Structure formats: C-alpha cells, structure tokens
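Accompanying notes for the structure given below.
Proteins get letters first, then strands, A, B, ... in listed order; numbering begins at 1 in each. The structure displayed is predicted, hence computed values, not measured ones.
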Protein chains: 2
Amino acid sequence: MKKSPLITVYHCLCDETRLRIVHLLQQAPLCVCHLQDLLGLTQVAASKQLAYLRKRGVVEARRHEQWMIYSLPQAPSPELDWQLRCLQDCLTTHPVFRNDLRRLKKLQPACCWAAKAIRQDRPLTKKN
Amino acid sequence: MKKSPLITVYHCLCDETRLRIVHLLQQAPLCVCHLQDLLGLTQVAASKQLAYLRKRGVVEARRHEQWMIYSLPQAPSPELDWQLRCLQDCLTTHPVFRNDLRRLKKLQPACCWAAKAIRQDRPLTKKN
DNA sequence: GACGTATATTCCCGGTTCTGCATATTCCAT
DNA sequence: ATGGAATATGCAGAACCGGGAATATACGTC
C-alpha cells in the first residue's frame, strides 16, 4: 500500500542525520564526501541515508565525473516544499544545525570542486 | 540521549494513524471512543497511539468523568506549532483526511457528550 | 587493462517500534 | 462492594531501522 506523500516526507525528516543532510543541501549541492566530512559519517552511513532520501524524492543526484552531486529537487512535491520552508525557520535555533552551517561556510573542497563551483553559481564544467 | 524537539514531532507525524488523530484534534477535542470510531481502530491501538503522542507533548488529555478527552496542547512547542500550521494546508488535498473531516461533521456522540459540548464552546459541565 | 578514488549494495546484527492479547485501573451507578 | 463502561498497561512476537564489514560498481589516470 502506497503511503501518503506527506508521511513519506516525515519519515525522511525524522532522523537527525537525514535532517542535517537536507538542511545542508538547502544551502548548496554537495557531494557525498563533503557530507561525510561535515557530518562525521562513515562512507556507508552517508551513502545509505542519501539513498534513502533519494528513493523518496527528497534529494536528487547526478554524477559528475567520479562524484555524485546531491541536491534538493528543482521541483519538489508540495508536501516537501512546505517542509523545506518550515525547516529554514525551525532549524536556525538549534545548535547542531547552526554548527553545520558554520562548518559549511569554511568548507575547503578537498576532494571535489563541484560543490564550490555550484555554490558560486559557476557552470559545472571542468577546470572551474 | 535526548532527541531534538523537531525530530520528536516528525516521529509523531510519520504514522498515518497518528497524523489522522492530530488532524481530527485540530478540529475539536475528542474522547478515545470517538477517535476509535472515526478511524476504525481497536481500543488498544487508539489508546496506545494517544499515549505515544501524549508522552511527546503533541496531545494533552484530561479526564472527564469516565472519559479521557484528548486535545492539542494550548501551548504547543514552536516546532509543533509550525507543523500544525503546515498540516492545515497540506492535508486538505488528501482524500483520507477529507474523509475523516466529513465523518467528524456527522459525528453523533453516542458515548460521550463532552466533545460535542467542547466543539460548541459550551462549558464542560455535566447535563450539558 | 591495472590501479586508485568515490560511491553503492548486500548481508548481518542489535535496538527500537508496532500490534494483539490479556489484564489492570478508573470512574460511575446501583 | 459490586458490576459495567471507558481507558491504560504489561508482555511477547513481528516488523522495521540504522550501523558495520565486506564486496561491487563506476569513473579517471596511467
């Protein structure tokens, strides 16, 4: 039996790791190793949570060379859209999420330059 | 380890039964047997989901004679408050929830007159 | 085609959650 | 105090979830 889309969204957001991922992706598209690094996750943990979110339409992924770049969907479902708006207001008061933001600002893209390029709105082509 | 209040709220809402309960309580305080009836739940299922929500501050209960009247908290946490606002906009489009509303309108309080009294803003005293 | 890096998938385990059944508790009327 | 209606709780099994280890796949470089 198919679940209501709203419930699916709630399932995605009811885990702290996933919530932090979504929150970070609200700022910028990021590759797996960035998320791994920012959130202190093992490779498996990061990959699995991303797969979970992806399967449910909360994030999208596209491959760029050897990196998978994750981002929020350009056309989110109405239910997701609502929640994303809520998050921006809710999460700013929680230390964990403020801290994630702070670390994101300082991020030196060691492994993959794509995220930085995207954050600066430069086209995603090689050699920056 | 203590969970973030937002995540607690998401946990409460990521189950269809609980979501329907919260949705109904947005309309009016209700006793257990009403919810049982409206949602087609067994007594145990209704009681347990309500206990779940109550423990996490999403609903409140007070006894009135032999009935437990459940309602949304007068002073919800900011996180819950946000979600309750969202729900009003999100749920109206889903058939399950529209249907619950329809049945609520028609509700004949067979077991307990309290909910009806409350819905009509009459004081909760005996003999109506 | 061999290798290294980045990522995904599979299998397994411990912990949590959900459900049903039986039982307990609370309140009210007699 | 006894019985009935409404509700809660304890327990046991099923289902689900998240994490780790090992393995597989995809891409780029040489």
Side-chain angles (χ1 to χ4, degrees), chain A residues 1 3 7-8 10-21 25 29-56 58-71 109-115 124-127, chain B residues 1-3 7-8 10-21 29-56 58-71 109-115 124-127:
Chain A
M1 61 172 183
K3 249 180 266 176
I7 292 181
T8 303
Y10 282 135
H11 268 284
C12 288
L13 301 182
C14 74
D15 174 88
E16 178 165 312
T17 300
R18 291 195 288 266
L19 198 48
R20 290 170 74 192
I21 290 174
L25 293 182
L30 292 167
C31 71
V32 181
C33 46
H34 283 151
L35 290 166
Q36 225 176 298
D37 185 31
L38 287 167
L39 304 181
L41 299 172
T42 66
Q43 187 265 313
V44 175
S47 185
K48 276 190 187 167
Q49 297 290 27
L50 286 166
Y52 185 105
L53 292 170
R54 189 182 184 185
K55 186 196 279 188
R56 291 162 178 79
V58 171
V59 305
E60 286 176 352
R62 67 210 139 107
R63 176 175 290 283
H64 182 87
E65 294 170 8
Q66 41 194 322
W67 299 285
M68 291 297 284
I69 313 293
Y70 281 86
S71 56
C111 60
C112 142
W113 47 266
L124 194 59
T125 52
K126 198 160 178 193
K127 294 301 166 210
Chain B
M1 58 173 182
K2 185 71 170 57
K3 249 180 264 178
I7 292 180
T8 303
Y10 281 135
H11 269 283
C12 289
L13 301 181
C14 74
D15 174 88
E16 178 165 311
T17 300
R18 290 195 290 266
L19 198 48
R20 289 170 75 192
I21 289 175
L30 292 168
C31 71
V32 181
C33 45
H34 283 150
L35 290 166
Q36 223 177 300
D37 185 30
L38 287 167
L39 305 180
L41 299 173
T42 66
Q43 186 266 315
V44 175
S47 183
K48 281 191 180 165
Q49 296 289 26
L50 286 166
Y52 185 106
L53 292 170
R54 189 181 183 185
K55 186 197 278 189
R56 291 162 179 79
V58 171
V59 306
E60 285 176 352
R62 67 211 139 105
R63 176 176 288 284
H64 182 85
E65 294 171 8
Q66 41 196 325
W67 299 286
M68 291 296 285
I69 312 292
Y70 281 86
S71 56
C111 60
C112 142
W113 48 267
L124 193 59
T125 52
K126 196 159 180 191
K127 296 301 167 209

Report the distance from atom [atom1] of [X] to atom [atom2] of [N], rounded to the nearest whole Å.
X	N	atom1	atom2	answer
Arg56(B)	dT16(C)	CZ	P	12 Å
Leu41(A)	dT7(C)	CG	P	13 Å
Ile21(B)	dC18(C)	CD1	P	12 Å
Gln36(B)	dT7(D)	CD	P	7 Å
Trp67(B)	dA5(D)	CH2	P	12 Å
Leu53(A)	dG18(D)	CG	C1'	13 Å
Arg62(B)	dC27(C)	CZ	C1'	17 Å
Leu50(A)	dC17(D)	CG	C1'	17 Å

(request) Determine yes or no for a side-chain-to-main-chain donor-acceptor pair under 3.5 angstrom, with Arg18(A) supplying the side chain and Cys14(A) the backbone. (result) no

Can you find a side chain N or O atom of [X] that sits less than 4.0 Å from OP1 or OP2 on [N]?
X	N	value
Gln49(B)	dT19(C)	yes
Gln43(A)	dA21(D)	no
Tyr70(B)	dA8(D)	yes

(message) If you assign Arg63(A) and Thr42(A) each to the DNA chain D nucleotide with the nearest heavy atom, which residue ends up on the more 5' nucleotide?
(response) Thr42(A)

(request) Using heavy atoms to find the nearest nucleotide of DNA chain D for Val44(B) and Arg18(A) separately, return the residue whose nucleotide is more 5′. (result) Val44(B)

For residues [X] and [Y], determine if any side-chain heavy atom of one lies less than 4.5 Å from a side-chain heavy atom of the other.
X	Y	result
Leu39(B)	Ile21(B)	yes
Leu53(A)	Leu25(A)	no
Tyr10(B)	Leu19(A)	yes

(request) Could you check whether Val32(A) gets within reach of a base, just the sugar-phosphate, or nothing at all, counting any heavy atom under 4.0 Å? (result) sugar-phosphate

(message) Over all strands shown, is Asp15(A) touching base, sugar-phosphate only, or nothing at heavy-atom distances under 4.0 angstrom?
(response) sugar-phosphate

With respect to the side chain of [X], which nucleotide from [options] is positioned closest?
X	options	result
Arg54(B)	dG19(D), dA6(C), dA8(D)	dA8(D)
Gln66(A)	dT7(D), dA8(C), dA6(C)	dA6(C)
Ser47(B)	dT9(D), dA8(C), dC27(D)	dT9(D)

(request) Quick one: do Gln49(B) and Asp15(B) satisfy side-chain contact (heavy atoms from CB on, under 4.5 Å)? Show the steps, please. (result) CA-CA 10 Å; Gln49(B) 296 289 26; Asp15(B) 174 88; 3.5 Å; yes

